[in-house]
Trainee: 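Take a look at the following structure, please.
Positions are given from 1 along the sequence.
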Amino acid sequence: MAKVIVTKNLEEEVNNKFGGESIQVFELIYSLEKNPKKGKPIGQVGGVVIKELKYKNFGFYFVTDGYKVKFF
(Lines give C-alpha, C1' and ligand atoms only; values in the text may rest on other atoms or scores of the structure.)
Protein backbone atom coordinates (compact mmCIF):
# COMPACT_ATOMS: atom_id res chain seq x y z
CA MET A 1 0.00 0.00 0.00
CA ALA A 2 1.05 3.56 -0.68
CA LYS A 3 0.38 6.74 1.25
CA VAL A 4 -1.45 9.43 -0.76
CA ILE A 5 -0.91 13.05 0.26
CA VAL A 6 -3.22 15.73 -1.20
CA THR A 7 -2.30 19.35 -0.51
CA LYS A 8 -4.95 21.62 1.01
CA ASN A 9 -4.68 23.95 -2.00
CA LEU A 10 -5.44 21.13 -4.46
CA GLU A 11 -8.36 19.93 -2.34
CA GLU A 12 -9.92 23.42 -2.43
CA GLU A 13 -9.36 23.76 -6.19
CA VAL A 14 -10.92 20.36 -6.93
CA ASN A 15 -13.95 21.16 -4.77
CA ASN A 16 -14.40 24.53 -6.52
CA LYS A 17 -13.86 23.20 -10.05
CA PHE A 18 -15.81 19.93 -9.91
CA GLY A 19 -18.46 20.60 -7.25
CA GLY A 20 -20.51 17.41 -6.84
CA GLU A 21 -18.13 15.41 -9.04
CA SER A 22 -15.25 16.06 -6.63
CA ILE A 23 -16.12 12.82 -4.82
CA GLN A 24 -15.31 10.78 -7.95
CA VAL A 25 -12.09 12.75 -8.45
CA PHE A 26 -10.92 12.04 -4.91
CA GLU A 27 -11.91 8.36 -5.26
CA LEU A 28 -9.67 8.23 -8.34
CA ILE A 29 -6.81 9.91 -6.49
CA TYR A 30 -7.11 7.77 -3.35
CA SER A 31 -7.37 4.58 -5.46
CA LEU A 32 -3.58 4.92 -5.76
CA GLU A 33 -3.27 3.74 -2.16
CA LYS A 34 -4.23 0.24 -3.27
CA ASN A 35 -2.65 0.40 -6.73
CA PRO A 36 0.38 2.77 -6.70
CA LYS A 37 1.48 1.67 -10.19
CA LYS A 38 -1.62 3.29 -11.71
CA GLY A 39 -1.12 6.26 -14.01
CA LYS A 40 0.88 7.10 -17.11
CA PRO A 41 4.59 7.81 -16.45
CA ILE A 42 5.61 11.24 -17.76
CA GLY A 43 9.20 11.49 -16.54
CA GLN A 44 11.71 10.17 -14.04
CA VAL A 45 14.59 11.70 -12.09
CA GLY A 46 16.48 9.24 -9.93
CA GLY A 47 13.92 7.32 -7.86
CA VAL A 48 11.22 9.96 -8.29
CA VAL A 49 8.61 9.39 -11.01
CA ILE A 50 6.12 11.96 -12.33
CA LYS A 51 2.84 10.39 -13.48
CA GLU A 52 -0.52 11.48 -14.86
CA LEU A 53 -4.07 10.35 -14.08
CA LYS A 54 -6.92 11.37 -16.38
CA TYR A 55 -10.45 12.28 -15.33
CA LYS A 56 -12.58 13.19 -18.35
CA ASN A 57 -10.58 15.98 -20.06
CA PHE A 58 -8.52 16.84 -16.97
CA GLY A 59 -5.06 15.57 -16.13
CA PHE A 60 -3.84 15.18 -12.56
CA TYR A 61 -0.07 15.07 -12.23
CA PHE A 62 1.60 13.57 -9.21
CA VAL A 63 5.01 12.74 -7.85
CA THR A 64 5.72 9.27 -6.55
CA ASP A 65 8.73 8.39 -4.44
CA GLY A 66 8.59 4.67 -3.79
CA TYR A 67 5.32 4.14 -1.94
CA LYS A 68 4.61 7.81 -1.17
CA VAL A 69 2.39 9.66 -3.67
CA LYS A 70 2.05 13.47 -3.57
CA PHE A 71 -0.55 15.49 -5.47
CA PHE A 72 -0.04 19.22 -6.04
Trainee: Output every pair passing ring-ring contact (aromatic ring centres under 6.0 Å, His included) with a member in residues 32-58, not counting sequence neighbours, ordered by first then second residue.
Mentor: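 Counting only pairs at least two positions apart or across chains, the ring-ring contact (aromatic ring centres under 6.0 Å, His included) contacts touching residues 32-58 are Phe18-Tyr55, Phe18-Phe58.
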Trainee: So do Thr64 and Val48 actually touch side chain to side chain, heavy atoms under 4.5 Å?
Mentor: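 In short, these two side chains do not touch, never coming nearer than 4.5 Å.
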Trainee: Heavy atoms only: give me the nearest Gln24-Gly20 pair and the separation to one decimal.
Mentor: OE1-O, 3.8 Å
Trainee: Considering residues at least two apart in sequence or located in another chain, which fulfil the salt bridge (Lys or Arg N to Asp or Glu O under 4.0 Å) criterion with Glu13?
Mentor: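 If we apply the salt bridge (Lys or Arg N to Asp or Glu O under 4.0 Å) test to Glu13, skipping adjacent residues, there are no hits.
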Trainee: Can you name the residues that form a ring-ring contact (aromatic ring centres under 6.0 Å, His included) with Phe26, not counting sequence neighbours?
Mentor: none
Trainee: Between Ile50 and Val45, is the side chain to side chain contact (heavy atoms under 4.5 Å, CB included) condition met? List the steps.
Mentor: CA-CA 8 Å; Ile50 300 169; Val45 178; 5.9 Å; no
Trainee: Write down the atom of Lys51, the atom of Lys37, and the distance for their closest heavy-atom approach.
Mentor: NZ-O, 3.4 Å
Trainee: Can Ile5 be reached from Tyr30 by stepping across I, L, V, M, F, W or Y side chains whose heavy atoms are under 4.5 Å apart?
Mentor: no
Trainee: Roughly how far, to the nearest 0.5 Å, is the CG atom of Leu10 from the CZ atom of Phe60?
Mentor: 7.0 Å
Trainee: Please identify each residue that fulfils side chain to side chain contact (heavy atoms under 4.5 Å, CB included) with Glu52, with sequence neighbours left out.
Mentor: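 With sequence neighbours excluded, Glu52 shows a side chain to side chain contact (heavy atoms under 4.5 Å, CB included) to Lys40, Ile42, Lys54, Tyr61, given in chain and number order.
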Trainee: Suppose we screen for side chain to side chain contact (heavy atoms under 4.5 Å, CB included). Which residues come up paired with Lys8, at least two apart in sequence or across chains?
Mentor: Glu11, Glu12
Trainee: Working to the nearest 0.5 Å, report the span between CD1 of Ile29 and CG of Leu53.
Mentor: 7.5 Å
Trainee: Can you name the side chain to side chain contact (heavy atoms under 4.5 Å, CB included) partners of Ile23, sequence neighbours left out?
Mentor: Glu27
Trainee: Go through the side-chain N and O atoms of Lys38 and Ser31 and say whether any donor and acceptor fall under 3.5 Å apart.
Mentor: yes
